[in-house]
> 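Right, I'll just put the structure down here and ask away after.
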Amino acid sequence: MSDLLLSIYPWIKAVHIMAVIAWMAGLFYLPRLFVYHVERAAVGSELDQTFQIMEEKLLRVIMNPSMIVAWIAGLIMIGLGAFDWGSVWAWIKIVSVIAMTWAHMWMSKRRKEFVSGKNTRSGRSYRLFNEVPTVLMIFIVVAVVVRPF
């Protein structure tokens, strides 16, 4: 089994990269939807319902599956020895991916607040939160590609 996985390692890595791209697209877009939602749509309005549908589909159809695939492919690569646990870059990546997963879950909870009409955050807070995935992406890419540590 291990030989098979090693032979398809480039495919696993390609799937991982594609899943991460899709996940990141959602992580960048969902807070922006929240900004427009809170600033443009009154609770219970038709526009509120439209934003809720867009946010729910983004999470359910794109973000959740891509996060799961990115994690599975990443764990397979770790299992195949693609990670150097003695290097700082590996730990920066792991911690950043866990933080990215937390950000995903945080946004999922915010979506539920919009659904229940209980959002208390401003557009500004969502604009600021929109920077979190960007900072984490920078950490991950520099850690994996440049490996400065």
Side-chain angles (χ1 to χ4, degrees), residues 1-39 41 50-149:
M1 179 67 160
S2 181
D3 290 339
L4 172 65
L5 288 175
L6 284 173
S7 69
I8 62 171
Y9 177 81
W11 288 100
I12 295 167
K13 191 174 185 179
V15 167
H16 179 70
I17 292 168
M18 289 183 278
V20 168
I21 290 169
W23 186 24
M24 290 302 304
L27 288 169
F28 292 145
Y29 188 47
L30 189 56
R32 181 54 46 189
L33 281 176
F34 290 162
V35 169
Y36 296 134
H37 193 160
V38 74
E39 291 181 352
T50 300
F51 276 118
Q52 286 183 37
I53 291 168
M54 292 169 64
E55 294 155 359
E56 191 268 336
K57 287 193 182 228
L58 179 60
L59 265 164
R60 186 174 48 85
V61 177
I62 296 171
M63 292 175 67
N64 290 341
S66 60
M67 178 186 68
I68 291 166
V69 170
W71 267 98
I72 290 170
L75 290 171
I76 290 170
M77 289 188 298
I78 288 171
L80 293 172
F83 235 58
D84 178 6
W85 293 104
S87 296
V88 175
W89 74 265
W91 290 101
I92 291 171
K93 181 178 180 182
I94 287 289
V95 169
S96 296
V97 169
I98 290 168
M100 193 90 69
T101 303
W102 171 85
H104 179 117
M105 299 305 172
W106 185 88
M107 287 186 231
S108 181
K109 286 181 182 177
R110 301 300 72 83
R111 187 195 71 79
K112 290 175 185 173
E113 289 175 358
F114 277 109
V115 169
S116 66
K118 296 179 180 174
N119 174 61
T120 58
R121 289 167 179 78
S122 67
R124 183 176 188 277
S125 66
Y126 291 120
R127 278 187 188 88
L128 290 171
F129 190 81
N130 199 41
E131 303 308 319
V132 171
T134 303
V135 170
L136 292 170
M137 177 201 57
I138 291 167
F139 288 164
I140 292 167
V141 171
V142 170
V144 173
V145 175
V146 179
R147 297 186 183 184
F149 307 105

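All figures in this text were calculated on a predicted structure; none of them were measured in a lab. All heavy atoms count here, side chains included; hydrogens, waters and symmetry mates do not.
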> Quick one: CD on Glu39 to CZ on Arg124, what's the gap to the nearest 0.5 Å?
11.5 Å

> For Asn130 and Thr134, what are the C-alpha separation, side-chain angles and deciding distance, and is it a side chain to side chain contact (heavy atoms under 4.5 Å, CB included)?
CA-CA 7 Å; Asn130 199 41; Thr134 303; over 6 Å; no

> Report yes if some heavy atom in the side chain of Val20 is under 4.5 Å from a heavy atom in the side chain of Ile140; otherwise report no.
no

> Looking at Ser122 and Val38, what are the two nearest heavy atoms and their distance?
C-CG1, 3.9 Å

> Got a second to check how far Ser108's OG is from Glu55's CD, nearest 0.5 Å?
11.0 Å

> Checking Arg60 side chain against Lys57 main chain: does a donor-acceptor pair fall under 3.5 Å?
no

> Report yes if the side chains of Leu136 and Trp102 come closer than 4.5 Å at any heavy-atom pair, otherwise no.
no

> To the nearest 0.5 Å, tell me how far Ser96 OG sits from Ile138 CD1.
11.0 Å

> To check you understand the geometry: which heavy-atom pair defines the closest contact between Ile12 and Ala73, and what is its length?
CG2-O, 3.7 Å

> In the structure I gave you, are the side-chain heavy atoms of Trp85 and Ile78 within less than 4.5 Å of one another anywhere?
yes

> Kindly give the heavy-atom pair with the smallest separation between Pro31 and Gly26, and that separation in Å.
CD-O, 4.3 Å

> Ring centroid separation for Trp91 and Phe83, is it under 6.0 angstrom?
no

> Supply the atom-to-atom distance Ile53 CD1 to Leu58 CG, rounded to the nearest 0.5 angstrom.
13.5 Å

> Within a strict 4.5 Å, meaning less than it, do heavy atoms of the Tyr29 and Met54 side chains meet?
yes

> How about Tyr126 and Arg110: do any of their side-chain heavy atoms sit closer than 4.5 Å?
yes

> Between Val15 and Trp11, is any pair of side-chain heavy atoms under 4.5 Å apart?
no

> Would you check if Lys112 and Lys118 make a side-chain contact, meaning some heavy-atom pair closer than 4.5 Å?
no

> Is it true that the NZ or CZ of Arg32 lies under 6.0 Å from the centre of Tyr36's six-membered ring and within 45 degrees of the ring axis?
yes

> From His16 NE2 over to Ile21 CD1, what is the distance, rounded to the nearest 0.5 angstrom?
10.5 Å

> Can you name the closest pair of heavy atoms from Ala70 and Ala19 and give their distance?
N-CB, 3.6 Å

> Testing His104, Met107, Met67 one by one against Leu59 for a side chain to side chain contact (heavy atoms under 4.5 Å, CB included), which residue passes?
His104

> Working to the nearest 0.5 angstrom, can you tell me the gap between Leu27 CG and Ile62 CD1?
11.5 Å

> Any chance you could lay out the side chain to side chain contact (heavy atoms under 4.5 Å, CB included) test for Phe129 and Trp106, step after step, and finish with the verdict?
CA-CA 10 Å; Phe129 190 81; Trp106 185 88; 3.5 Å; yes

> Taking the side chain as C-beta and beyond, is there a heavy-atom pair between Met100 and Trp23 under 4.5 Å?
yes

> Of the non-hydrogen atoms in Ala143 and Pro148, which two are nearest, and what is the gap between them?
CA-CD, 4.3 Å

> Looking at every non-hydrogen atom in both residues, tell me the closest pair between Trp89 and Asp84 and how far apart they are.
CZ2-N, 4.2 Å

